[in-house]
Amino acid sequence: DEFSLFPQYDLDNLGLFAQAKWDITDQWQLSGGLRYDNFDYSVDDYELAFRFPREREGGSGRADDVSFNAGVIYQPIPEVGVFANFSQGFSIPNLGSVFSAFTPVDIDDDLSVEPQGVDNFELGVRAEFGQVQASLAGFYSESDLGSSIRFNQETGFSELLRAPQRNYGMEASVDWQPSNVLQLGGYFSWSEGESDPDDDGDYEALGSLNVPPYKIGLYVENETTPRWTNRLQLLVVGDRDRAIDDGVDAFDIDSYATLDL
């Protein structure tokens with residue numbers, strides 16, 4: 001007999017969106033828009049490998065919603081822009097993970113197949129002074145019914161967790177072109193995430209399958225000839241122990257570095 005890790009299923013997605021931008025003055029710009037999403041999915045009865053019970057019952061479902069976005073940019077001087085954005089996201093969870101869960105789910109009516117709505121907030125600044133470009137931005141997102149992958153230490157399998165969730169972080173970058181053939185720069189990114197599995201207001205760290213450690217990148221690039229470009233880049237990926245301290249992860253995330261030419 002043949003059995004699969006994930007069942008085959010049908011998914012239809014329709015998205016309609018409209019976006020507008022208004023240059024109020026040379027210093028101020030507004031933008032906004034809305035989007036409509038519709039999802040329809042179905043799966044026949046199926047059998048899974050490495051799951052008990054192996055036989056699973058199929059089903060179908062649909063979800064739709066309207067999401068919004070709005071943003072503003074202010075340029076106190078032509079070289080500098082300060083921006084703030086609000087956006088919403090609407091999606092359904094990873095159906096492959098839902099249908100192949102360790103415990104059977106009622107596909108027609110189950111929390112694991114409920115759609116996810118997310119509110120995103122972003123604030124930052126961008127600057128460009130001749131041959132130098134730089135940016136700094138921070139973000140925060142929240143969802144009443146987040147979707148994340150969590151390792152179940154009792155079963156030994158990963159599972160989909162649906163619970164209130166929030167993510168936040170920052171990114172920074174700088175690039176410099178001292179000549180027509182030389183450029184160098186770097187970036188830094190850091191993010192963190194939390195969920196509330198018991199929905200009691202007590203948040204714990206998201207697992208490291210969902211939240212990457214911080215990253216630092218540096219590069220130098222040289223156009224030796226018009227047909228030959230060299231680039232040397234360093235990437236440092238940090239460690240992350242918050243999830244294992246909260247008992248969410250069963251493994252350490254150790255730091256490492258790569259050097260590429």
Side-chain angles (χ1 to χ4, degrees), residues 4-19 32-51 53-70 85-122 139-152 155 157-169 191-199 203-212 248:
S4 62
L5 294 174
F6 304 94
Q8 293 192 19
Y9 58 89
D10 293 321
L11 171 63
D12 294 317
N13 172 216
L14 171 66
L16 304 173
F17 67 92
Q19 190 75 13
L34 55 87
R35 178 183 177 97
Y36 170 76
D37 280 290
N38 179 284
F39 298 94
D40 285 281
Y41 56 88
S42 63
V43 60
D44 296 330
D45 294 345
Y46 57 96
E47 295 183 328
L48 291 175
F50 310 116
R51 293 291 191 269
R54 175 176 290 144
E55 295 78 15
R56 301 293 175 90
E57 185 177 350
S60 62
R62 70 181 304 272
D64 68 316
D65 202 358
V66 177
S67 52
F68 301 88
N69 72 81
N85 294 309
F86 167 75
S87 63
Q88 294 178 315
F90 178 75
S91 62
I92 56 175
N94 186 317
L95 296 178
S97 298
V98 173
F99 297 159
S100 61
F102 188 80
T103 303
V105 300
D106 182 359
I107 296 173
D108 295 318
D109 183 22
D110 193 273
L111 179 66
S112 59
V113 294
E114 286 293 315
Q116 175 183 6
V118 182
D119 291 333
N120 303 289
F121 305 87
E122 185 181 20
F139 72 90
Y140 175 83
S141 66
E142 61 183 5
S143 175
D144 293 333
L145 189 61
S147 178
S148 60
I149 302 297
R150 181 170 180 172
F151 182 77
N152 190 320
T155 64
F157 291 95
S158 297
E159 61 185 15
L160 184 69
L161 174 65
R162 305 303 308 275
Q165 182 176 323
R166 58 194 184 195
N167 294 75
Y168 46 89
S191 63
E192 190 52 77
E194 302 166 334
S195 66
D196 183 8
D198 300 323
D199 199 11
Y203 281 78
E204 63 182 29
L206 282 176
S208 295
L209 293 173
N210 306 278
V211 179
V248 176

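Predicted, not measured: the structure shown is a model, and the values here were computed from it.
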For the student: nearest non-hydrogen atoms of V118 and S143, plus distance: CG2-CB, 4.1 Å

Candidate list E192, E142, E194, test side chain to side chain donor-acceptor pair (under 3.5 Å), partner R166, passing option: E194

Side-chain donor or acceptor of Y46 paired with backbone N/O of R54 under 3.5 Å: no

Between CZ on residue F17 and OG on residue S67, distance to nearest 0.5 Å: 11.0 Å

salt_bridge(R150, E204) N-O dist < 4.0 Å: yes

Side chain proximity check, P104 to E57, heavy atoms < 4.5 angstrom: no

Distance (rounded to the nearest 0.5 Å) between D199 CG and R162 CZ: 13.0 Å

Nearest-0.5 Å distance, OG of residue S91 to CZ of residue F39: 6.5 Å

Heavy-atom closest pair, residues F139 and S191: CZ-CB, 4.1 Å

Distance (rounded to the nearest 0.5 Å) between F90 CZ and D65 CG: 5.0 Å

Residue pairs fulfilling salt bridge (Lys or Arg N to Asp or Glu O under 4.0 Å) with at least one residue in residues 39-50, sequence neighbours excluded: D40-R62

Heavy-atom pair of closest approach, residues S100 and L48: CA-CD1, 3.6 Å

Nearest-0.5 Å distance that lies between atom CD in Q8 and atom CG in D10: 9.0 Å

Heavy-atom side-chain proximity of S147 to N94 below 4.5 angstrom: no

Heavy-atom side-chain proximity of P164 to L145 below 4.5 angstrom: no

F50 and L5, any side-chain heavy atoms less than 4.5 Å apart: yes

Exercise: do Y140 and E122 side chains pair donor with acceptor under 3.5 Å: no

Closest approach of A63 to I92 (non-hydrogen atoms, all atoms of both residues): CB-CG2, 4.4 Å

Heavy-atom donor-acceptor pair, R35 side chain to V66 backbone, under 3.5 Å: no

Separation of N210 CG from I149 CD1 (nearest 0.5 Å): 6.5 Å

Heavy-atom donor-acceptor pair, N38 side chain to D64 backbone, under 3.5 Å: no

Residues Q19, N69; criterion side-chain hydrogen bond (donor to acceptor under 3.5 Å, both in side chains); working and verdict: CA-CA 9 Å; Q19 190 75 13; N69 72 81; 3.0 Å; yes

Pair N167-Q165, side-chain donor/acceptor within less than 3.5 Å: yes

I107 to G59 - nearest heavy-atom pair and separation: CG2-C, 3.9 Å

Q116 side chain vs G146 backbone, donor-acceptor pair below 3.5 Å: no

For S141 against N120, the heavy-atom pair lying closest together: CB-OD1, 3.1 Å

Ring geometry between Y41 and F99 (parallel below 30°, tilted from 30 to 60°, perpendicular above 60°): tilted

